[in-house]
Amino acid sequence: MKVINSIPQALYLSEQVKQGEKQLATQHAITLYQLMESAGQAVFELIGLLYPQCSALLVCCGKGNNGGDGYVVARLAQQAGLNVTVWEMETVERLSPDATKARQRWLATGGNTIKEPPIKQYDLIIDALLGIGIYGAPRLDIAERIIWINQQKTPIIAVDVPSGLCSDTGSVLGEVVKASQTLSFIGFKQGLVTGQAAQYCGDRYFSFLDVGEDLSQITSPSAWHVTAAMVLPLLPIRSRVGHKGSYGSVLCVGGSHGMAGAIRLCAEACARTGAGLTAVVTQPDNVLSIVTARPEIMAVGWQEESNEVYDRLAWADVLVLGPGLGTSPWSKALFASCHHTDKPCVVDADGINLLASAPDFKVNRIITPHPGEAARLLNVSVADIEADRFSAIKQLQQNYGGVVVLKGAGTLIYDGETLWVCTSGNPGMATGGMGDVLSGIIGALLGQGLSLVEAAYAGVWIHAQAADLCAQSGERGMLASDLFPFIRQLINPR
């Protein structure tokens, strides 16, 4: 049973997988119980791969088919010579039919089951308590077991999904198993790639169980995982006769008093991502510092009586609006002067905050809110956003149009038709200026001819991958400007 240490491109809702596996079993002339055996075999193979020295195994089984997978794992491990204990629920008489069969086979091989909390020490714990079909907080008896599991200083493999985590949204429903690894089956669940999932899934593994390759023929994926295979074809080798006019003129607008760094980071990211020409409109006091540090950027100061911004808008192919813009009267006037443009536009940072105060709908715009900004755009709480990031981004796109990038762990991209998720990135990105760099990258890609949605998902991936390369020297202390060498490396694939 092939187990892969990567997330496939196609992502699904739990109900799609549940219904799809029934049809797949029929197509492949196998039973659902045989799929349960395959799932258990895949987990057992992962144990051998990751924990070859494991000799004492605890398998925590619930009453659903997830618990059935656990009984299969227990039987296979015991047959291989491991010392195995199954911690099962009091209500084993309520097991699903297939799980009952798996339990009977476990008992028939002399399997040991307990119903009280274990007192022995184990090398590894298998979480097979709850599967993908939960939509509320675990019951008290399950919650108590989850608490016990998390208190052990023992590695944990979660079967399909960490118990207590919503496999559709990635939200925490109550107590949640904090797994070391999660092995998902047949169709990778979209909730395992965003929200709180990174905190609880650990390293994510996947197995098609020899049938899942056909799932996309039965049901369309609910979302797509952004991978190098999607991005690199958008970055072809440049024409030998190309010139600076071939690769876009990008105008970056922002940088109020004390925030010159934000617009400088945005503009340099734009230039480093390959824009032909990059210009900045900012506070007059910022101009000298920008052009001194990066003379390739054309920077001009703006006051309300100046026509400079209109001249630059006429010159530009693409507008990036908002990094360091602020919300002062100067900021609002500059925002109003730019926001009327019908050119491709990226709105970020304070541009989003000003948009929230005067909402409008545009088809030719990318907005890049983090959860706090998204909450302001929708007039809800951050908790509401994080409870269901998929629903939040769809509502943002419905209200504001264009393409929406909802940043965070598992950044989402949505154009009104298709959802993408980027799982690259790391906690080192939690520092000032990272969002400014992202908006500059996206602006540059727009200038080079990518569509709005291509620029959005490619920009997010390049930004996150650059941060992951940078983090090889450590996550703490990473600066937004540290990404520039890696950005250049990524946009020039060999």
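Residue numbers start at 1 and run along the sequence shown. Small disclaimer: the values here were computed from a predicted structure and weren't measured. Only this structure's heavy atoms are used, side chains among them; waters, hydrogens and symmetry mates stay out.
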Look only at the side chain of [X] and the backbone of [Y], and say whether a donor-acceptor pair between them is shorter than 3.5 Å.
X    : Y    : value
D415 : T418 : yes
Q181 : A158 : no
Q199 : Q196 : no
R389 : G410 : yes
K343 : A316 : yes
H370 : K407 : no
N286 : G255 : yes
S184 : Y205 : no
Y51  : Q53  : no
S424 : Q465 : no

Centres of the F208 and F206 rings: under 6.0 Å?
yes

Under the side chain to side chain donor-acceptor pair (under 3.5 Å) test, residues paired with S391 that sit two or more places apart
D388

Only counting residues at least two apart or in another chain, list the ones meeting side chain to side chain donor-acceptor pair (under 3.5 Å) with T341.
none

So which heavy atom on [X] is nearest to which on [Y], and how close?
X    : Y    : answer
I385 : P371 : CG1-O, 4.0 Å
A480 : L265 : CB-CD1, 4.2 Å
V177 : P162 : O-CB, 3.4 Å
F185 : V159 : CE1-CG1, 3.6 Å
L124 : P155 : CD1-O, 3.4 Å
A444 : T273 : CB-CB, 3.6 Å

Residue pairs passing the ring-ring contact (aromatic ring centres under 6.0 Å, His included) test where at least one lies in residues 446-469, sequence neighbours excluded:
W420-Y457

Could you list all the ring-ring contact (aromatic ring centres under 6.0 Å, His included) pairs where at least one residue sits in residues 334-359, not counting sequence neighbours?
F335-H339

Quick one: [atom1] on [X] to [atom2] on [Y], what's the gap to the nearest 0.5 Å?
X    : Y    : atom1 : atom2 : result
E268 : I290 : CD    : CD1   : 11.0 Å
N5   : R204 : CG    : CZ    : 10.5 Å
T431 : E475 : OG1   : CD    : 12.5 Å
I126 : F44  : CD1   : CZ    : 10.5 Å
I462 : L445 : CD1   : CG    : 5.0 Å
D203 : S6   : CG    : OG    : 12.0 Å

Looking at [X], I'd like to know if its [atom1] atom is crowded, meaning that more than 12 non-hydrogen atoms belonging to other residues, nucleotides or ligands lie closer than 6.0 Å.
X    : atom1 : answer
K178 : NZ    : no
D360 : CG    : yes
R488 : CZ    : no

Sole candidate of I47, I157, D123 that passes side chain to side chain contact (heavy atoms under 4.5 Å, CB included) when paired with L57
I47

Hey, are [Y] and [X] close enough side-chain-wise for a donor-acceptor pair under 3.5 Å?
X    : Y    : value
S328 : S331 : yes
S163 : D127 : yes
R238 : Q448 : yes
K189 : S14  : no

Derivation and outcome, side chain to side chain contact (heavy atoms under 4.5 Å, CB included), residues C470 and F484:
CA-CA 9 Å; C470 188; F484 291 148; over 6 Å; no

With sequence neighbours left out, the residues meeting side chain to side chain contact (heavy atoms under 4.5 Å, CB included) with Q398 are Q395

According to side chain to side chain contact (heavy atoms under 4.5 Å, CB included), who are the partners of D384, at least two apart in sequence or on a separate chain?
V380, S381

Run the salt bridge (Lys or Arg N to Asp or Glu O under 4.0 Å) check on R365 and D342 step by step: do they pass?
CA-CA 9 Å; R365 176 176 63 196; D342 58 0; over 6 Å; no

Apply the test side chain to side chain contact (heavy atoms under 4.5 Å, CB included) to residues M298 and W315: give CA-CA distance (whole Å), side-chain angles for both, the deciding distance (0.1 Å), then the verdict.
CA-CA 12 Å; M298 300 173 285; W315 164 87; 3.6 Å; yes

